[in-house]
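Structure first, then comments.
Just so you know, these numbers come straight off a predicted model, no measurement behind them. Note on naming: letters A, B, ... go to the chains in the order of the sequence lines (proteins, then strands), and numbering restarts at 1 for each one.
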Amino acid sequence: MPELPDVEVFRRYLNSTALHQTIRETDVRAQGILEDLTPTKLQSQLKGRQLESTDRHGKYLFARLDNDDWIVFHFGMTGFLRYFQNGQQAPGHTRALFSFENGYHLAFVLQRKLGKIALTPNVRSYVKKQGLGPDALDRDFGLEDFKEALKGTRSSIKSALMDQERIAGIGNIYSDEILFQARLSPRTRASQLGNRSLEALFQAVKEVLSTAIDSQADPGRMPGHYLLPHREKEGRCPICQTEMKSEKIAGRTSYYCPHHQK
DNA sequence: ACATTGACCTGAGAGC
DNA sequence: TGCTCTCAGGTCAATG
């Protein structure tokens, strides 16, 4: 779930729910998700503060506090946020709970404990520390930057797209969709791509990610010519009805249309 | 430099 | 019903 589009949807959700309310307490229910942080420190840093704004880089969500520190959220494979009112039950697998003085709560939910929460004084420095490449949807990330990011590798294009140090935000699911829209086989070497292919791929990156956000990252709402709703065994290409192939590429199960992606 | 594998975690779903 | 097996949208380290 949590690739760039999902995290952007979470960011907007946080914006429309949990901003500008005083934090009463924090409850960490799985200590392992804290990065360089203890529950006590988190509580002391957050208590009495408010969330003022948000940012996102790749799959990372940042929420700025009114002392200009930032909370960092990473959602692993299964994470999401849920805002709810006093009296309602916290969702299952709530790993951290932020309670506000207005009687509402923001739950950080992970089924598998692969996500994390951190604090940082500065988004840029955190991004740098993680070694993340440019955010795939950043307006300043243009075709030339894209070509630059894919330079100097002999790996498959699938692997290069998912490499967060090259470009931040694309994971297994959306790399499949991007490659389908660009009509490229996931096994193609990144270094083999000519200018036309690189341009098509770049367009696909921007188009797929922004369309996914517009669709609330919900495959059921995506355009009819998208692969994602058919990304399952025995699924068929939405264009030619050929049965989708699936195989492990770059360590991840990948789906593609053998007719359209050669 | 690459690909591959296993670890980290937990649960859903399939198959028996 | 209940057991076992496989698999899952991410990342990291170790290995070949």
Side-chain angles (χ1 to χ4, degrees), chain A residues 1-11 28-36 56-61 72-81 91-96 107-118 126-127 129-133 135-137 149-180 185-192 205 208-209 211-213 215-222 226-235 244 246-256:
Chain A
M1 187 197 283
E3 299 180 36
L4 186 155
D6 311 270
V7 177
E8 177 60 19
V9 171
F10 300 161
R11 189 185 73 80
V28 177
R29 302 180 177 186
Q31 280 209 39
I33 65 163
L34 297 182
E35 181 183 62
D36 298 331
R56 183 190 55 69
H57 191 102
K59 304 172 187 176
Y60 287 81
L61 172 62
V72 183
F73 297 95
H74 190 278
F75 295 90
M77 293 178 93
T78 58
F80 60 92
L81 298 172
H93 310 111
T94 294
R95 308 303 185 181
F108 177 66
V109 185
L110 306 168
Q111 182 195 108
R112 301 163 72 188
K113 297 177 185 168
L114 301 177
K116 67 185 175 189
I117 288 176
Y126 191 85
V127 165
K129 189 190 73 154
Q130 293 298 315
L132 301 178
D135 181 82
L137 269 192
L150 294 183
K151 260 193 189 153
T153 179
R154 299 193 304 130
S155 69
S156 68
I157 185 58
K158 164 102 178 169
S159 174
L161 283 176
M162 291 195 301
D163 182 347
Q164 303 301 297
E165 299 190 16
R166 294 182 179 278
I167 304 164
I170 301 167
N172 193 30
I173 292 283
Y174 286 101
S175 62
D176 278 1
E177 184 68 60
I178 288 163
L179 290 166
F180 177 67
S185 160
R187 285 200 192 277
T188 311
R189 303 277 122 192
S191 57
Q192 309 267 213
V205 166
V208 165
L209 296 177
T211 299
I213 292 166
S215 310
Q216 303 294 307
D218 174 359
R221 299 186 187 198
M222 289 179 195
Y226 267 42
L227 164 75
L228 286 198
H230 313 281
R231 196 183 176 284
E232 57 193 358
K233 55 174 172 25
E234 321 217 342
M244 309 285 306
S246 96
E247 47 189 286
K248 278 230 195 289
I249 301 170
R252 313 297 300 280
T253 303
S254 311
Y255 287 80
Y256 65 94

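- Across all strands shown, dG11(B) pairs with dC7(C); the Watson-Crick or G-U wobble distances both stay below 3.5 Å.
- Atoms CE (Met162(A)) and P (dC2(B)) sit 14 Å apart, rounded to a whole Å.
- We find that OH of Tyr174(A) is positioned 17 Å from P of dA8(C), with the value rounded to whole Å.
- Rounded to the nearest Å, the gap between the P atom of dT5(B) and that of dT6(C) is 15 Å.
- For the pair Gln130(A) CD and dT11(C) P, the computed distance is 9 Å after rounding to whole Å.
- Other residues, nucleotides and ligands contribute over 12 non-hydrogen atoms within 6.0 Å of the CD atom of Glu247(A).
- For the pair Arg29(A) CZ and dT10(B) P, the interatomic distance rounds to 15 Å; values are reported in whole Å.
- Here Lys59(A) reaches the OP1 or OP2 of dT11(C): one of its side-chain N or O atoms lies under 4.0 Å away.
- Contact between the side-chain N/O atoms of Ser159(A) and the OP1/OP2 oxygens of dA3(B) is found at a separation under 4.0 Å.
- dA3(B) atom C1' lies 13 Å from atom CG of Asp163(A), rounded to whole Å.
- Between the CZ atom of Arg187(A) and the P atom of dT4(B) there is a distance of 7 Å, rounded to whole Å.
- At least one side-chain nitrogen or oxygen of Thr153(A) sits closer than 4.0 Å to the OP1 or OP2 atom of dC2(B).
- You'll find that the side chain of Gln164(A) is closest to dT11(C), out of dC8(B), dC12(C), dT11(C).
- The side chain of Arg112(A) places no N or O atom within less than 4.0 Å of a non-bridging phosphate oxygen (OP1 or OP2) of dG11(B).
- At dT10(B), none of the side-chain N or O atoms of His93(A) fall inside 4.0 Å of OP1 or OP2 (strictly under the cut-off).
- Residue Arg29(A) places its CZ atom among more than 12 non-hydrogen atoms of other residues, nucleotides or ligands, all under 6.0 Å distant.
- Lys158(A) places a side-chain N or O within donor-acceptor distance of the main-chain N or O of Asn172(A), the cut-off being under 3.5 Å.
- The phosphate of dA8(C) (OP1 or OP2) has a side-chain N or O of Thr253(A) nearer than 4.0 angstrom.
- In this structure, the nucleotide among dG9(C), dC2(B), dT11(C) sitting nearest to the side chain of Ser155(A) is dC2(B).
- Note that CG of Asp36(A) is 13.5 Å distant from CD1 of Ile117(A), once rounded to the nearest 0.5 Å.
- Taking the nucleotide of DNA chain B with the nearest heavy atom to each of Lys113(A) and Ile249(A), the more 5' of the two is matched to Ile249(A).
- Atom name P, nucleotides dA7(B) and dC5(C): the rounded distance is 16 Å, in whole Å.
- The interatomic distance linking Arg252(A) (CZ) with dC12(C) (P) rounds to 13 Å, in whole Å.
- Atom-to-atom, CZ of Arg231(A) to P of dC7(C) comes out at 14 Å; the value is rounded to the nearest Å.
- Annotation: dC9(B) and dC3(C) have their P atoms spaced 25 Å apart (nearest Å).
- No side-chain donor-acceptor contact under 3.5 Å links Tyr255(A) and Glu232(A).
- The side-chain contact (heavy atoms from CB on, under 4.5 Å) test with Tyr174(A) is passed by exactly one of Leu228(A), Leu161(A), Val205(A): Leu228(A).
- Looking at which nucleotide of DNA chain C each of Glu165(A) and Gln111(A) is closest to, the 5′-most match is held by Gln111(A).
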